[in-house]
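Just so you know, ligand 1 is whichever comes first in the structure, and atom 1 is the first atom listed for that ligand.
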Amino acid sequence: MTGKESFRRRLFLYYFSIFILFTAVILAFQYNREKKIRIAALNTRLNDMAGLVDNYISVNSLPETGNYLMIDSIFNLIPVPDLRITIIAVDGSVLYDSSVEEWDKMENHLKRPEVGKSLFSPYGTAVRRSASTGKEYYYFSRYFNTYYVRLAEEYNINITGFLRREKIFLVFIAVVFAAVWALLALVTRRMGESITMLRDFAARVRRGEGNDPGIIFPRNEIGETGKEIVRIYNNLARNTAELTLQKEKLFRHLHVLNEGVAFLSPERKVTLSNNHFLVFLNAITGEHTIEPEGFIDHPSFAGVRTFIDRHQGPSARQGEIPSTEFHIEKSGRFFGVKCILFNDGSFEIVLTDITRTEQTKAMRQQMTSNIAHELKTPISSVRGYLETLMVNRDLDEDKKQYFLEKALAQSIRLTELISDIVTLNKLDETGSSFPFESVDVGSVIREVRDNLITAIKKKGISFDIEIEEGLTVTANRSLVVSVFQNLIENAVTYAGDKITITIRNIPGAAGYHTFSFADNGIGIPEEHQPRIFERFYRVDDGRSRKSGGTGLGLAIVKNAILLHKGEISVHTRPGGGTEFIFSLPA
Ligand code: ADP
């Protein structure tokens, strides 16, 4: 059965029931009215008849003669053969009854309702089944001073007779019903169409097929409602799509985040998490799971549990988003844990790998204490010399000169130290303050060598420079100068006398120029080589300090190379001496 048919069938049933009810009410009303009219007519007729009987009794002086049997002859005068006439004495005894032979044996009739009523009213009536005939009778009684005349007639005001008489009315009602139904069917056909469309639309939506743009609702109230529903559905569908898109974006964003993020329900079940969360979780717990489920029970997350226990539940204040933060350390790695509790009792945990930050922090602390340590020596030396000069005013000029020169040398060393620290800091902070340009490597080497010529000559050092004529690197010139200056200074200071410094460009990675900087001096013992680029690291601390080294030279070299995205390594040459190999962008 289609939707339209079932709708109309139901409508027909409703309509039919209402019509039947309506007809029944009208008939009941009609029936009552007719009954009343007929009873009134009956009463008039029986009243007249009672008057006739009374007249007959008076004319024939029946109370005096007591010959009530004469009343039988009345039936010749009236055209009502079934009429039953009873004459009842004031005391209730029956004086005559047209239907009963031996009326003198009949029971007292004063208790009969119609008789009782007629004593105080013009007449009394009652309807009941006769004990003697078994039929239903209409009893009519009238009081005439010395007796009652009671008349009884078969009571035949019944429904069947009524309906038979109302046949025309019933036919009329049926015709009206059919006509109204035809009209109603016509009107509801269009409504039925709208309802069917609405039903089809609902079924399509339920099946997830979406709206059919081909559906055009008829122009009636249900059609308008249908259109409105479709409009609301379309809006909803658009919003859902938008929401799905946003959710998708959020998921993608979560997966590219460097932080590990997990969302948990108020029951502490993970509802959403990203890959990083799982990776960090495995590092923290030391277990290799592929599901974050149940991680909250791990001892490392006790802080989260305490926080949630304290803030979750009805005591949580609306509008406030409580959060907590702490660190977890596991096998040298550091993780920041942040927990944010939402109003609905759900919460978010963000894990951040802060190992690098922590290491940098440790390095900075180390660096600061190293700097303080390095500064202490020259400062206390200068102070010592100056105090000696102040206290011993009578020192001879040569001695005074000696202390002044010493103090000067230490202050120069301080300046160098500070300048090295500043350079390294600059390298650490940002490379953007070092503009890049095309730098002619050969000219830089010659410039540095010329600057240091006095020391070079003093040590009898010779150079073997095999750099292609006009070879350039894309770099910051002052940093390239710094690289070669530190390397040459180191060779001059530490490698020994009469050595040869060989500087060549050698084959290497594409896009870079690779250089070899070597000397044939005393070399750097292999056990020191891995740490040689660390800040303030010296091979022979005492000797190195004495020779004015800050321990920062090679750290500056390495950082300068790294800033250019180049590489640097150190090793011992086969014949002895040190060789640095490094690259700079072409
Ligand atoms: P500094 O600034 O004090 O010279 P560096 O970081 O430049 O410190 O050098 C670190 C250590 O490496 C020096 O103390 C020195 O012992 C050693 N060194 C550097 N270059 C050479 C070299 N060419 N030959 C031998 N030893 C060297």
Distance filter under 4.0 Å to Ile532 heavy atoms, resulting ligand 1 atoms: 11 (C), 12 (O)
List every atom of ligand 1 that sits less than 4.0 Å from any heavy atom of Thr550, numbering the atoms from 1 in the order shown and giving each element. 1 (P), 2 (O), 3 (O)
With a 4.5 Å limit on heavy-atom distance, are the side chains of [X] and [Y] in contact?
{"X": "Glu567", "Y": "Phe582", "value": "no"}
{"X": "Tyr385", "Y": "Leu404", "value": "no"}
{"X": "Phe335", "Y": "His327", "value": "no"}

Under 3.5 Å, is there a donor-acceptor pair between the [X] and [Y] side chains?
{"X": "Asn235", "Y": "Arg238", "answer": "yes"}
{"X": "Thr572", "Y": "Glu579", "answer": "no"}
{"X": "Asp420", "Y": "Thr550", "answer": "yes"}

Does [X] reach ligand 1 with a nitrogen or oxygen that is under 3.5 Å from one of the ligand's nitrogen or oxygen atoms?
{"X": "Tyr537", "answer": "no"}
{"X": "Tyr494", "answer": "yes"}
{"X": "Gly553", "answer": "yes"}

Does ligand 1 have a heavy atom under 4.0 Å from the side chain of [X], from its backbone, from both, or from neither?
{"X": "Asp519", "answer": "side chain"}
{"X": "Leu554", "answer": "both"}
{"X": "Phe533", "answer": "neither"}

May I ask you to decide whether Lys400 forms a salt bridge with Glu397, counting only side-chain N to carboxylate O separations under 4.0 Å? yes
Whether the side chain of Asn476 engages the backbone of Leu479 through a donor-acceptor N/O pair (distance < 3.5 Å, no angle test) should be reported. yes
Strictly under 4.0 Å, does any heavy atom of [X] approach an atom of ligand 1?
{"X": "Gly551", "answer": "yes"}
{"X": "Leu552", "answer": "yes"}
{"X": "Gly523", "answer": "yes"}

